[in-house]
Each structure stands twice: as C-alpha cells, then as structure tokens.
Amino acid sequence: MAQITLKPTKVPELYLECYNITPDAFAGKSLMEIADLDAHEGKIKVKLGDYFDIAGQSGNTVEETAIKIEGDCSKVKYIGNKMTAGSITINGNADMYVGGWMKGGKIHVMGNVDSFCGIAMEGGEILVEGNAQNHVGCAYRGDWRGMRGGTIRIKGSAGNDIGTFMLGGTIIIEKDAFIHVSTHAEGGTVIIKGNVQGRVGGQMVKGDIYVLGSVQYMLPGFKKVGSVEQKIDGTEATFTHYVGDLGERHPKSKGKEVYANLYVLES
Amino acid sequence: MPKWITQVGCPYCGASCDDLEVLVSDDGKRVLETRNACAIGNEIFHHAQSPSRPKLPRMRQPDGSMKEVSYDEAIDYTAKTLLAAKKPLIYGFGSTNCEGMSAVARVAEKGGAVLDNCASICHGPSFLAIFDNGYPSCTLGEAKNRADVVVFWGCNPMHAHPRHTSRYSIFPRGTFTAKGQMTRTIICVDPRETDTAKLADHHLMVKQGHDYDLFDAFRTVLRGHDIPDEVAGIPKKTILDAAKVMKNARFVMIFFGMGCTHTDGRNHNVDIAISLTRDLNAHTKASIMAMRGHYNIAGPGQVWSWQFGFPYCIDLSKGTHAHMNPGETSSIDLAMRGEIDCFVNVGTDAGAHFPIRAVEQLKKHPFITVDPNICMASEISDLHIPVRVVGVEEPGVVYRMDNVPIQFKKVVDGPEGVPSDEELFDRVYERMCELTETEPIWLLAKDHAKAATNAEQ
Ligand code: SF4
C-alpha cells in the first residue's frame, strides 16, 4: 500500500474543514496536486498545502492509498468524510465528523475525537483509542436513516446520542456512555462496556444493545423477559434480557410483535 | 385630542396578543396609556418612551469609552467587519419583525456568516425533534375552542406568557368549551410548584431531568403494558390516572417549554412528547405546541426556512450551500469552541443570556449590538446601533407561537433619524455590495416586488 504522510505545520485560527483528506481524493494524485486540494477555514478557501507538509506517495487506486497524519488535528473537521476505501491513521486528536458518511476503508485515531464521529456511516471501520464526544454513529438531523453498516470502536468513553436512528452496523464503547443509546433505532448493535446513565433504547423499534456495566435509570418501557448466556466482544457472561421500547410501535413477524433487545450484565 | 388605537399587537411574549388598545398623544409621538396588556406588555410601550434611549450609534474608543458616531460610520464599520471576518456569527431576532429578519439574511449570505436566532438557546431542540418526528400541531384558536384537557409540560405561562391562560388555554370560553375553565382539566408536569401548577387539577412533580422517562411511561401505559411502581419520582397510580384523563378527553392539548428543551436529552424530550401526541390520537384527538418565548421568535424559523431551507443554526460560510447541524453550527457551541471571529447581536441580549465563558470567547473579536435599548450586550459591544422598536414605532409581520402570521402596527413615530432593523440591514447590505463591487441584487429585487405590489393596488 502506498502511503501519504501529512504533517500539520500550523494551527488554524478558527477550525479547518478538510473534507478532502480522504483516500478517495488523494488516490492517483501527485504531491503537488494533493497540496492543491481545497479546504475551508470559515469562508476562506485554503489549500491543504497551506496547513500540512505532504510527503510519500499515493496509490493508484483508492484501495491502495493510506494516509498518515503525523500530528494533532484537534481543529480539523471532516477527516475521512465519505471515504469508500483505503486507510487513514491520525497520530493525535481529531475534531468533528471523523468518518462521517463513510462507506468503506479504515480510520484509526490515536487520540480523542469530537462529536459526530461516524455520522450516517454505511460501512468500513473506525477505531478511536481515546474518547469520543456526542453523537457517535448517529443520523444526520431529521434523517430517519442513521448508521447502516460498519463498525465504530471507541476505546474510551462517549457522550450522548449513540446510534440514534441506527439501522445496522456495530458500535462499541469500551468505557462509559452518558444518555440516549440507540434512540429510535430500527436495527444494529451497540455494546457499552462501561456504565450508562439512562435512556437506553428509548423509542427503539428493533436492534440490540448490550451493557456490560450498569444502567443507572432503566426506561419504564423495557420489560425483563429472562436471562441469557452470551459471548459478547470476547466476554462470556450472563445477561438479563429486556425487550422494549413497549411504548413504541413494533413490526409483526409471523403474527408476533418484534421488539428491540437490551441485555444488561447480571451482577 | 389623544386617540385610542385598537387591535394593536404586543411586541413582547410569544402569546403575541393582538387585542391591545393604546392611547396616543395629540402629536402622535407619545404613548399615554394601554388597555388589555398584561404588566410586561404595558411596560414595553412605556419603555420605548424612555428619554435615556440612545438615538445615535455609539462606538468603543481606544480608551474604552463609548462615543456617538453617525449611522453612515456605523454601517461602514459593520459592513467592513463582516467582510473581514473569516466566520462571523449573526444572532438574535427575539424582538424584531420578519422584514428585518429577511434583510439580515441577505447580509449574512453576503458576509458568509452563520445565521442563528434565540431558538438556539430556547426552542431549537424542538426544531430538531420536529425534523425527526413531525409536528402534529394546531392553532391557539383550536386549542381555545376544542381542548378539554390541557397539559403544561415544563412551562409556566402564568409568568412567561401572562395572558396565555386567559386568551387560549385555561379560562376562555370557546365553541366546544363553553364553560371556560369549568370545561377544562389541567395537568401540569413540573419539578416545581409553579403558579401554573397551582392552577392545575393534576400536578405531576417529575424528578428533574427525567421527563423522557415519564413520557415513556405514558406511552407504555397507553399501549396497554405495565410500568414500574414509580417512574421519574411519580407513583404508578398517578401516572395511570393522568393517562386515563388524557385518553378520555375529547381533545388533548400539550404545551411544552424550556423544561423539556433545555434539560438533558433536549430534542429527545420533545421528540417523545410528539410520539405521545401521536399515540393519543389512536384514542382521541390530541395536539402539541411549543411555548415560543418572544412575540416573533417563530418568525426567523419561517423566514429563513423559506430563504435557506433551515430555521436556525445556518452556516452560510461556504457561499454555495447552507449547512445546519446544531452541536456544531449553534451559537453557544461556536462561541465556546472559539469557532467564530465576529459577533453581531440583533434584537436580543446575548450578554445576559449566554454563558459567561461563551461571552468571554466572543469578546476576543469584534462585537456589535443592534438593539433599540441599552442592554448588557450593548454595553460590552464595540459598536451599538439603536433601531426603532417593532410593534411600537415600526409595523411588520410577526409569527405567533402557533406559526400564525399577524400584521403588527406602529402606534407612534420613532425617534428622528433612527432606522428600522430592515432599513439598517439593507444599508449594511448595500455598503457590503459597494465594498465588494457587486450588484445589490436583493435590493433591486425588493424594489421590483414593491413596484409590482403598488401597481396591483
Ligand atoms: S401576554 Fe405576552 S403578548 Fe400578551 S400582553 Fe402580555 S406580554 Fe404582551
């Protein structure tokens, strides 16, 4: 795989919108052409070359293109926006929309990410070593088609609105989450390995949630139906099985209502 | 002879009463008395007469003092500052007319600004819920004529909208509510015993921050399922009783306020309230309405949705398309993150309403206030531009909380030489066009539209 290295040379005064830092935009381009790709700081159109030293070589195809960012991107939005293949590694933090609308490929962030990581994701993989802010794998405002596929793994904690309107794919939060997990979801799987404060599965139609820590406030719309043994992300354990949200509409299959499942580790 | 002007609109709260009567002096310059207005509505008409009102823009000087400057100078400064900034934020519009909002939108477009209104710190989350889940709403007239069960959830109209209960929601006699208050059952959901809660037949003292759980409990009960013995601090029996009252109603009207939109979960609290309204329609008729705060704060939602497709948090910095995503493009987030480098506060008081850390960030860059009066924002600004008071000195279209447009009147002349918001922003737009050597297309379009209307008449 051919690799392009980006080294941040200065910190923007405001925030940079680097919607072109994707293997899709870089593939088959020379270093000059990559440096000439557009970005925005507010209403000012800038070039990637104004903010990054660019070295290495891009692949002929998107699949063969790897991007490595050697430095902090705390003020850089939209890294990996809409990417379809290839890979991006960020040796530092990244701002909002990491892997937003992503369809394929891999993103690895060594630090933390801000909000909207993996928003409306359709496929591919995002791995964040640190924490994420809010709206991991959520839908865009007003869209009832949230995350449809792919995997997001946050090794730290996450805020609110995880997997809102989710239809498919997997989100794993290895530490704690705040509120609103899989709200309005109609599919997909969310695994929280730490504790959640509450509102787990509100207005949820279908899909699965696993909580390996505790849920501080259970929603009244979830009913305990039994207990099951399962192996989840390498952990084999007994879970209390709830179904819900009983307050929400549910489709029928073979004359029986299909509910969303919530599995909480038995203490 | 002083004369009474009738059917005057009140430019204060979201109830947007349009039945006020105002006594005006012989010379048509002073308001002497008002009828029908509540205490705060009355005050706004008298406040406009205050002799201490500024009549010229004031610019901050290097020594920190404020010096009066001409309108031309203020307009030039505003135009240049907006053009020079990488990402300006224009925010406010709690208290102006739709004509002003439309004019400012053209300035924002020209300046590549983010355009936001007070909904951002108020009913913005309601917009997000409406995007996600629809809005089964009605007019206040329908609420008055039909609703026999009225739910106030996280709102306190007795203080925030003083005549709401007498004009629309608790006391008035309507077509199918002929006995007024006697016909209506009032449910109030609020963690505090507010003056509205005191009027209610059922007060559910929800545990603070657990509204979502309580909404979920109501929905679960309505679908015939069991709930835990206590939800959000409310005993199961109380929830079952309240659910029964709603189910057996002829028409349920749910009014909600900041208690839903600005506690944890925000848009989701409203979203599930909308779901509950929909569920109730399986049993009876039900409708829901946001208790919008200011008399025309529903206005920017209408005007800008028509202009840009979004009601608030509109990022126009790209020049090619509008982008909206609260959490990123919302005023407080932009300010806190240091994402903007120029702030224009119009017809509101960001100085008083924003968190202090947000104001500190904003103060690092040019800060302009456009408001008829001295307020906290005007006093920390680099430039304060006074304008006429809409509804008192300037007529215009306003949208009531139920999105019904009302033509407001002017009752007296404004101070000489002081422009309206619309005039001011049209001049700023014109100056920006001059500076960028572009054609003021929107002004030409406006002249054209006016000429066409006049010809028709
Ligand atoms: S209720 Fe509101 S609109 Fe009506 S008079 Fe009072 S302040 Fe004005």
Side-chain angles (χ1 to χ4, degrees), chain A residues 12-15 17 19 38 40-46 74-75 77 95-97 100 114-116 119 133-135 138-144 146 159-161 164-165 178-180 183-184 197-199 201-204 217-224 243-250 257, chain B residues 83 85-88 111-114 127-128 130-133 207 209-210 212-228 230-232 236 239 264-268 271-272 275-276 278-279 310 313 315-319 324-328 333-334 337-341:
Chain A
E13 190 195 341
L14 304 177
Y15 283 75
E17 293 176 39
Y19 35 80
D38 287 339
H40 265 93
E41 186 187 7
K43 67 186 173 202
I44 312 293
K45 207 184 241 182
V46 295
S74 295
K75 287 188 136 194
K77 298 186 204 180
D95 194 46
M96 293 178 172
Y97 300 108
D114 208 285
S115 298
F116 307 108
I119 179 174
Q133 292 288 320
N134 308 319
H135 298 274
C138 69
Y140 176 63
R141 307 284 184 190
D143 199 338
W144 65 98
N160 51 265
D161 278 87
T164 308
F165 281 103
F178 179 38
I179 50 169
H180 284 291
T183 307
H184 274 295
Q197 194 186 89
R199 310 190 194 190
Q203 295 163 284
M204 191 176 178
Y217 299 104
M218 278 292 284
L219 282 176
F222 276 79
K223 181 175 79 178
K224 190 171 160 180
V243 295
D245 175 348
L246 299 177
E248 187 54 63
R249 71 185 161 83
H250 290 279
E257 281 190 306
Chain B
L83 287 171
K86 288 180 183 168
K87 197 168 187 176
V114 179
F127 281 130
L128 300 180
I130 292 165
F131 297 163
D132 282 341
N133 210 1
K207 192 169 153 195
H210 288 263
Y212 191 90
D213 311 40
L214 187 56
F215 276 118
D216 192 37
F218 275 121
R219 297 191 70 206
T220 305
V221 166
L222 283 177
R223 281 180 199 266
H225 297 285
D226 197 18
I227 52 165
E230 193 187 288
V231 178
K236 178 171 163 179
I239 298 173
D264 282 345
R266 294 160 165 235
N267 54 313
H268 296 296
D271 185 318
I272 197 165
S275 288
L276 172 65
R278 189 183 298 129
D279 294 348
F310 299 110
C313 298
D315 181 349
L316 300 165
S317 63
K318 299 297 162 299
M324 181 220 66
N325 192 12
E328 180 201 12
D333 298 276
L334 289 168
R337 278 162 51 87
E339 209 172 331
I340 42 174
D341 57 352

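Quick note on labels: first sequence line is chain A, next is B, and so on, each numbered from 1. All heavy atoms count here, side chains included; hydrogens, waters and symmetry mates do not. Given the structure is predicted, the values throughout are model-derived calculations rather than measurements.
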Self-check item: Stepwise side-chain contact (heavy atoms from CB on, under 4.5 Å) test for B:E328 and A:Y15
Solution: CA-CA 11 Å; B:E328 180 201 12; A:Y15 283 75; over 6 Å; no
Quiz item: Can B:Y212 and A:Q203 be said to form a side-chain contact (heavy atoms from CB on, under 4.5 Å), step by step?
Solution: CA-CA 10 Å; B:Y212 191 90; A:Q203 295 163 284; 2.8 Å; yes
Exercise. May I have the step-by-step check of side-chain contact (heavy atoms from CB on, under 4.5 Å) for B:D264 and A:R199, ending in yes or no?
Key: CA-CA 10 Å; B:D264 282 345; A:R199 310 190 194 190; 4.1 Å; yes
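Residues A:K223 and B:T220 fail the side-chain proximity criterion, which asks for heavy atoms closer than 4.5 Å.
Side chain of B:D213 to main chain of A:L219: no donor-acceptor pair is present (N/O by atom type, distance under 3.5 Å, no hydrogens or angles). Under the 3.5 Å distance criterion, the side-chain polar atoms of A:R141 are matched with a main-chain donor or acceptor of B:P326. Side-chain N or O atoms of A:K43 include none that pairs as donor or acceptor with a backbone N or O of B:L316 at under 3.5 Å.
Neither the backbone nor the side chain of B:I239 comes within less than 4.5 Å of any heavy atom of chain A. Neither the backbone nor the side chain of A:S115 comes within contact range of chain B; no heavy atom of the residue lies under 4.5 Å from a heavy atom of that chain. Looking at B:I130, neither its backbone nor its side chain comes within 4.5 Å of chain A, counting heavy atoms on both sides. Only the side chain of B:K207 comes within contact range of chain A, with at least one heavy atom under 4.5 Å from a heavy atom of that chain. Only the side chain of A:D245 comes within less than 4.5 Å of a heavy atom of chain B; its backbone N, CA, C and O stay farther away. Looking at A:E17, the atoms closer than 4.5 Å to chain B (heavy atoms on both sides) all sit in the side chain, from C-beta outward. If you measure heavy-atom distances from A:N134 to chain B, you find no contacts under 4.5 Å at all. Heavy-atom distances place no part of A:D38 under 4.5 Å from chain B, backbone and side chain included.
Applying the side chain to side chain donor-acceptor pair (under 3.5 Å) criterion to B:K86, with sequence neighbours excluded, gives A:E13, A:E41. When the side chain to side chain donor-acceptor pair (under 3.5 Å) test is applied to B:E339, the partners found at least two apart in sequence or on another chain are A:K77, B:K87, B:R337.
Across A:G42 and B:K318, no two heavy atoms sit closer than the pair O-NZ, 3.9 Å. A pairwise comparison of heavy atoms in A:P220 and B:A217 identifies CG-N, 3.6 Å as the closest pair.
Each of B:G265, B:P88, B:G319 has some count of heavy-atom pairs under 4.5 Å with chain A, and the biggest count is that of B:G265. Listed options B:D132, B:D216, B:V114 were ranked by heavy-atom pairs under 4.5 angstrom with chain A; first place goes to B:D216. Of the listed residues (B:M324, B:H225, B:R278), the greatest number of heavy-atom pairs within a distance under 4.5 Å of chain A belongs to B:H225. By number of non-hydrogen pairs under 4.5 angstrom with chain A, the leading residue of B:I272, B:N133, B:D315 is B:I272. Between chain B and the options A:T164, A:D143, A:D161, the largest number of non-hydrogen pairs under 4.5 Å is found for A:D161. For chain B, the option among A:W144, A:F222, A:Y217 with the highest count of heavy-atom pairs below 4.5 Å is A:Y217.
If you check the side chains of A:H184 and B:D271, you find a donor sitting under 3.5 Å from an acceptor.
The environment of A:K75 atom NZ is dense: over 12 non-hydrogen atoms of other residues, nucleotides or ligands sit within 6.0 angstrom.
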